[in-house]
Amino acid sequence: MVLPSAILLPLYLYPSVTTDPWKPLYDSLTAHPNTQFDIVINPDSGPLLVGPSDSALSDYVVAVSKLRTYPNVNIFGYVHTGWGAASLQPALLSNISRYATWNTYTPANISLDGIFIDEAPNAYDPTIYTNLQTATNLARSSELPKIILNPGTVADAEYFALADYIIMFEGAYANFNASEMAALSQAVRANSSVILYDSTLAEADQNTLVNQLVDLGLGSLDVTTTNTYDTWSALWTAFTQQVSSAVGVT
Ligand SMILES: *[C@@H]1O[C@H](CO)[C@@H](O)[C@H](O)[C@H]1NC(C)=O
Ligand SMILES: *[C@@H]1O[C@H](CO)[C@@H](O)[C@H](O)[C@H]1NC(C)=O
Ligand SMILES: *[C@@H]1O[C@H](CO)[C@@H](O)[C@H](O)[C@H]1NC(C)=O
Ligand SMILES: *[C@@H]1O[C@H](CO)[C@@H](O)[C@H](O)[C@H]1NC(C)=O
């Protein structure tokens with residue numbers, strides 16, 4: 001079964017309890033309860049080298065436990081592989097294990113659904129594949145079953161065995177070639193994601209693009225006017241409405 005496209009949001013914005021900068025997200029989750037939101041949190045290019053009871057994570061505990069109350073979210077913890085660098089493998093594994101401790105933290109429900117693996121390889125290489133498989137097996141056996149890989153470019157088919165979604169394009173809107181996605185088989189597109197940043201599209205043109213991406217049957221998507229993941233797109237609210245309408249919910 002092909003699921004409707006989800007909204008993918010790399011949310012690297014620090015969730016200060018005093019300013020509550022995740023509020024636009026909470027508002028969208030309420031406004032679009034039948035739209036799936038896949039949210040990537042990123043305390044420190046990783047989980048921070050502390051457990052969730054450490055005060056350094058207290059703002060995250062508050063914000064993630066609030067996010068957890070919305071049924072239409074999947075929450076992913078950020079890690080990176082340096083494009084499959086063997087030297088990063090120990091840290092990659094220990095960071096996954098560290099996120100797994102969030103799922104057993106009892107003072108608040110800050111459980112995560114999975115892991116977002118940034119700087120993932122795109123070209124198949126047996127050694128890199130085996131290392132990545134070790135990492136995704138660890139995540140799955142640690143109750144972090146959902147996996148997103150981010151090579152940011154079209155990945156070789158082998159990697160789909162390791163991931164729910166692979167980000168097949170991450171780049172400026174100006175450099176996006178929708179035909180590259182259309183050229184993928186429908187089955188591959190269902191597990192493919194795109195992140196288009198630096199969009200200069202007006203709201204109506206963004207809507208046309210969103211409809212095109214949803215019609216392609218992509219697994220998830222993000223279109224943002226910014227070029228960082230720690231500020232809101234000027235068209236965030238419109239984007240969440242556009243995806244919701246395009247997938248046929250409100
Ligand atoms: C692991 O997490 C630490 C702390 O957040 C971060 O500094 C480091 O870059 C991460 N390494 C990997 C490979 O994810
Ligand atoms: C935490 O929230 C998730 C999502 O709502 C839920 O599946 C899980 O059972 C909760 N965990 C606990 C310990 O309540
Ligand atoms: C591909 O996406 C579908 C949902 O559309 C999901 O059920 C399936 O598990 C995914 N396949 C892989 C290999 O992750
Ligand atoms: C866009 O992608 C298609 C399909 O891969 C390719 O044939 C075409 O040359 C690309 N266009 C540009 C401008 O790169």
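One-based numbering, in listed order, for ligands and for the atoms of each. Here the structure is a predicted model, which is why all the values come from computation and not from measurement.
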Query raised in the report: What residue and atom, counting heavy atoms only, is the protein's closest point to atom 1 (C) of ligand 2, and at what distance?
Result: Asn109 ND2, 1.5 Å
Query raised in the report: Between Asp44 and ligand 1, which part of the residue brings a heavy atom under 4.0 Å of the ligand: side chain, backbone, both or neither?
Result: both
Query raised in the report: Looking only at distance, does Leu48 have an N or O less than 3.5 Å from an N or O of ligand 1?
Result: yes
**Report entry** For Leu149 against Ala120, the heavy-atom pair lying closest together
**Finding:** CB-CB, 4.0 Å
Requested in this report: Taking only heavy atoms of Val79 into account, list the atoms of ligand 1 that are under 4.0 Å away from them.
Outcome: 14 (O)
Query raised in the report: Which atoms of ligand 1 have any heavy atom of Ser45 under 4.0 Å away?
Result: 6 (C), 8 (C), 9 (O), 10 (C)
**Report entry** For the student: nearest non-hydrogen atoms of Pro121 and Trp83, plus distance
**Finding:** CB-O, 4.2 Å
Report summary line: For Gly46, the ligand 1 atoms with a heavy-atom partner under 4.0 Å come out as 2 (O), 5 (O)
Report task. Considering only non-hydrogen protein atoms, determine which one is nearest to atom 4 (C) of ligand 2 and report residue, atom name and distance to 0.1 Å. Result -> Arg68 NE, 3.5 Å
Report summary line: Taking every heavy atom of Ser45 against every heavy atom of Asn42, the minimum-distance pair comes out as N-OD1, 2.7 Å
Query - Short side-chain donor-acceptor distance under 3.5 Å, Asp230 and Thr228 - result: yes
Query raised in the report: Hey, is atom 7 (O) of ligand 4 touched by any protein heavy atom at less than 4.0 Å?
Result: no
**Report entry** Modelled atom types, side-chain donor and acceptor of Glu119 and Asn150, under 3.5 Å
**Finding:** no
Query raised in the report: How far apart are the closest heavy atoms of Val61 and Tyr105, and which atoms are they?
Result: CG1-CE2, 4.0 Å
Query raised in the report: side-chain contact (heavy atoms from CB on, under 4.5 Å) with Phe37: which of Leu25, Leu9, Leu11, Asn74?
Result: Leu25
Query raised in the report: So is there a nitrogen or oxygen of Ser179 less than 3.5 Å from a nitrogen or oxygen in ligand 4?
Result: no
Requested in this report: For Ser111, counting its heavy atoms only, list the atoms of ligand 2 lying under 4.0 Å from any of them.
Outcome: 1 (C)
Query raised in the report: Numbering the atoms of ligand 4 from 1, which are under 4.0 Å from a heavy atom of Asn177?
Result: 1 (C), 2 (O), 3 (C), 8 (C), 10 (C), 11 (N), 12 (C), 14 (O)
Query raised in the report: What is the closest protein heavy atom to atom 5 (O) of ligand 4, and at what distance does it sit?
Result: Glu180 CG, 3.9 Å
Query - For atom 2 (O) of ligand 1, closest protein heavy-atom neighbour - result: Asn95 ND2, 2.4 Å
Query raised in the report: Where on Pro47 is there a heavy atom closer than 4.0 Å to ligand 1, on the side chain, on the backbone, on both, or on neither?
Result: both
Report summary line: heavy-atom search around atom 13 (C) of ligand 1 in the protein gives His80 O, 3.1 Å
Query raised in the report: So how far is it from Ser28 OG to Lys23 NZ, rounded to the nearest 0.5 Å?
Result: 10.0 Å
Query raised in the report: For the residue pair Leu162 and Arg140, what are the closest heavy atoms and their distance?
Result: O-NH2, 3.2 Å
Query raised in the report: OH/Tyr129 to OG1/Thr134 distance, rounded to the nearest 0.5 angstrom?
Result: 10.5 Å
Query raised in the report: Is any heavy atom of the protein nearer than 4.0 Å to atom 11 (N) of ligand 2?
Result: yes
